[in-house]
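Here the structure comes first, spelled out in structure tokens, and everything after it is commentary.
Keep in mind that what you see is a predicted model, and the values were worked out from it rather than measured.
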Amino acid sequence: MCGICGCDSSKLAPVFGSVKITKAPEKTTLATQTIELHQDLMRSNHHQAEHNRDWFSHHNLSAINLVSSPGAGKTTLLEQTLTRLRGRRGALVIEGDQQTELDAARIRATGTPAVQIQTGQACHLDASMVHRALHQLPESDGALLLIENVGNLICPAMFDLGEKARVVLVSVTEGDDKPLKYPSIFHQAELLIITKTDLLPYVQFDTRKCIEHARQIQPDLQVLELSATRGEGMTAWLDWLEGQ
């Protein structure tokens with residue numbers, strides 16, 4: 001069990017295994033057990049993340065970890081991105097959801113190899129899951145590896161996947177105070193994408209405030225605003241990806 005969020009990593013889908021957790025001594029207090037479990041989980045994940053980094057480096061893969069709340073538009077952004085990247089650069093996708101193959105099916109429809117990780121009760125991807133998924137993808141040296149994490153702004157912040165960059169999405173249908181409420185995920189991100197900007201006339205979302213809040217946490221955070229459905233801002237996003 002994750003010592004922070006309470007998710008049960010032992011119930012992950014069998015194909016992707018689970019994190020081995022060492023039991024605390026029987027006579028230790030409950031508080032001490034929680035700390036030991038958390039440390040063990042994090043140590044195991046950091047070790048696997050370093051292994052993933054070596055893999056990415058060896059195959060010249062640029063791994064980008066996309067994180068957001070549910071419904072921020074990650075999958076739609078990926079569909080539009082992969083369509084525009086066709087013929088320019090190879091790409092692979094790892095999808096993370098608690099259940100279903102729906103998102104992976106959408107990605108495969110673009111002609112891009114994709115593996116779906118079903119995390120069961122877990123609310124995040126960890127480095128071990130990504131490692132196992134890599135073995136199911138075709139070799140594609142020099143490609144972009146786009147990882148769509150489980151929709152959640154809390155737990156994914158704690159799990160290094162070995163990625164080169166972390167991108168956090170906030171849609172205009174959410175509150176512009178999300179960076180202040182969930183600072184960890186913004187603190188570790190290289191890029192903030194404000195999505196669904198075509199809906200700005202219909203919602204109360206202050207883009208300027210959202211950016212200010214995010215840069216209070218991460219002053220060097222880069223920001224893009226886009227509407228994947230209309231294609232607005234996609235050129236800047238593709239240019240950013242080309243630099244990775």
From [X] atom [atom1] to [Y] atom [atom2], the distance as rounded to the nearest 0.5 Å:
X    : Y    : atom1 : atom2 : value
R215 : D220 : CZ    : CG    : 9.0 Å
S69  : I154 : OG    : CD1   : 8.5 Å
E163 : L61  : CD    : CG    : 13.5 Å

Below 3.5 Å, can you tabulate the donor-acceptor pairs from side chains in residues 176-186 to any protein atom, sequence neighbours excluded?
unit_1	atom_1	unit_2	atom_2	d
D176	OD2	D206	N	2.9
K178	NZ	E174	OE1	2.6

Exercise. Over all heavy atoms of both residues, which pair between A214 and L192 is shortest? Give the atoms and the distance, please.
Key: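 Closest approach of A214 to L192: CB-CD2, 3.9 Å.
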
- Task: Could you pull out the closest heavy-atom pair between A91 and A143, with the gap in Å?
- Result: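 Nearest heavy atoms, A91 then A143: N-CB, 4.0 Å.
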
(message) With a 4.5 Å cut-off on side-chain heavy-atom distances among I, L, V, M, F, W and Y, is there a chain of contacts connecting L199 to I211?
(response)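 Same hydrophobic cluster.
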
### Query
Are I217 and V223 connected, step by step, through hydrophobic side chains (Ile, Leu, Val, Met, Phe, Trp, Tyr) whose heavy atoms are closer than 4.5 Å?
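Cluster IDs for I217 and V223 match.
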
Please determine if [X] and [Y] form a salt bridge, counting it only when a charged side-chain N lies under 4.0 Å from a carboxylate O.
X    : Y    : value
K209 : E212 : no
R106 : E101 : no
R53  : D160 : yes

(message) Measuring only between side-chain heavy atoms, which start at C-beta, is E190 closer than 4.5 Å to L221?
(response)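 In short, these two side chains do not touch, never coming nearer than 4.5 Å.
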
Q: Give me the other members of the hydrophobic cluster that L224 sits in, counting Ile, Leu, Val, Met, Phe, Trp and Tyr linked by side-chain heavy atoms under 4.5 Å, directly or via other members.
A: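 Under the 4.5 Å side-chain rule, L224 groups with I64, L66, L77, L78, L82, L85, V93, I107, L144, L146, V167, L169, L191, I193, L226, M234, W237, L238, W240, L241.
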
Point to revise | All side chain to side chain donor-acceptor pair (under 3.5 Å) counterparts of D103, not counting sequence neighbours | key: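 Side chain to side chain donor-acceptor pair (under 3.5 Å) check on D103 returns T75.
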
Quick check on side chain to side chain contact (heavy atoms under 4.5 Å, CB included): which of T197, T173, V170 does F205 satisfy it with?
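It is V170; the other options fail the test.
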
### Message
Under the criterion side chain to side chain donor-acceptor pair (under 3.5 Å), I'd like the reasoning laid out for S62 against R89: C-alpha separation, chi angles, the key distance, then a yes or no.
### Response
CA-CA 11 Å; S62 294; R89 187 174 183 182; 3.2 Å; yes

query: Under the ring-ring contact (aromatic ring centres under 6.0 Å, His included) criterion, do H135 and H131 qualify, and how do the steps go?
result: CA-CA 7 Å; H135 286 285; H131 172 73; 4.7 Å; yes

Next item on the list: Take E225 and K196 through the salt bridge (charged side-chain N to carboxylate O under 4.0 Å, His left out) test and state the conclusion after the steps.
Entry: CA-CA 8 Å; E225 302 172 38; K196 303 185 182 181; over 6 Å; no

Report yes or no: do R84 and Q80 form a side-chain donor-acceptor pair below 3.5 Å?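 Yes, Q80 and R84 have a side-chain donor paired with an acceptor closer than 3.5 Å.
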
_Does the plane of the ring in H124 sit parallel, tilted or perpendicular to the ring in F159? Use 30° and 60° as the thresholds._
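Ring orientation, 0 to 90° scale: parallel.
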
